[in-house]
Amino acid sequence: LALTPDRLAYFGTAKPIERSTVRAAMDRICGWNQRLTGRALARLGAIDGITIYGPRDAAQRTSLVAFNLAGRDPFRVAEALNRAGVESRAGCHCATLGHHALGLNPPASCRLSFYLYNTLDEVDRAADAVAAVAARGDARRYRLLPWRAGLRRAGTPAPPGRAGVP
């Protein structure tokens, strides 16, 4: 798609795109993101000692889940998840005042983000890795993606476009 202020057209053509086509595509993306987020909220919510921040209704939030594990430093949780092949982030996520308002010390949380390129299986794998960290304090033995371990051994980088939860 080529979106300009004056018209919507397919790249390399003058063929117009109906607004309804764009809206339908965006609605499908939104629906998929909500499905991924709903699955993440359900799976993560079943983990003992987890606090999930934000609404529990996937339709009322973006497709990321910020959380903390009781008694665990969010930065160490993110490091353990990253070692397990789950790309996560820890910090204030540009919401320092929100973290202070929640009384978090440190003012930080761990975050998983999902988008249209992720699968439900990947959400499940991420939730399993969080459960492993919560249970054992480390997820190094939990391998998220077989291809990732193979790439690491060969010393080659991960394929492009696999940001977020791989």
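What you see is a predicted model, and the numbers here were worked out from it, not measured in a lab.
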Side-chain donor/acceptor of [X] to backbone N/O of [Y], under 3.5 Å:
| X | Y | answer |
| --- | --- | --- |
| Asn33 | Leu116 | yes |
| Asn68 | Ala108 | yes |
| Arg72 | Val133 | yes |

For the residue pair [X] and [Y], what are the closest heavy atoms and their distance?
| X | Y | answer |
| --- | --- | --- |
| Ala127 | Arg43 | CB-CB, 3.5 Å |
| Cys92 | Pro107 | CB-O, 3.7 Å |
| Trp32 | Thr119 | CZ2-CA, 4.1 Å |
| Ala126 | Leu112 | CB-CD1, 4.3 Å |
| Ser109 | His99 | OG-NE2, 3.0 Å |
| Ser113 | Asn118 | O-OD1, 4.2 Å |

Linked, directly or transitively: [X] and [Y] (ILVMFWY side chains, under 4.5 Å):
| X | Y | result |
| --- | --- | --- |
| Ile52 | Leu64 | no |
| Tyr53 | Leu44 | no |
| Leu120 | Leu41 | yes |

Nearest-0.5 Å distance that lies between atom [atom1] in [X] and atom [atom2] in [Y]:
| X | Y | atom1 | atom2 | answer |
| --- | --- | --- | --- | --- |
| Arg35 | Ser63 | CZ | OG | 15.0 Å |
| Asp73 | Glu79 | CG | CD | 8.0 Å |
| Thr37 | Gln60 | OG1 | CD | 12.0 Å |
| Leu36 | Tyr117 | CG | OH | 10.5 Å |

Given side chains that start at C-beta, do those of Phe67 and Ile47 come closer than 4.5 Å, heavy atoms only?
no
If we only count heavy atoms from C-beta on, is the Cys30 to Gln34 side-chain gap below 4.5 Å?
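Side-chain contact under 4.5 Å: yes.
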Are Arg125 and Glu122 within salt-bridge range, i.e. N to O under 4.0 Å?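 Salt bridge: no.
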Original post:
Are Asp57 and Arg61 within salt-bridge range, i.e. N to O under 4.0 Å?
Top reply: no
If you count the non-hydrogen atoms of other residues, nucleotides and ligands that lie under 6.0 Å from CG in Asp48, is the total more than 12? no
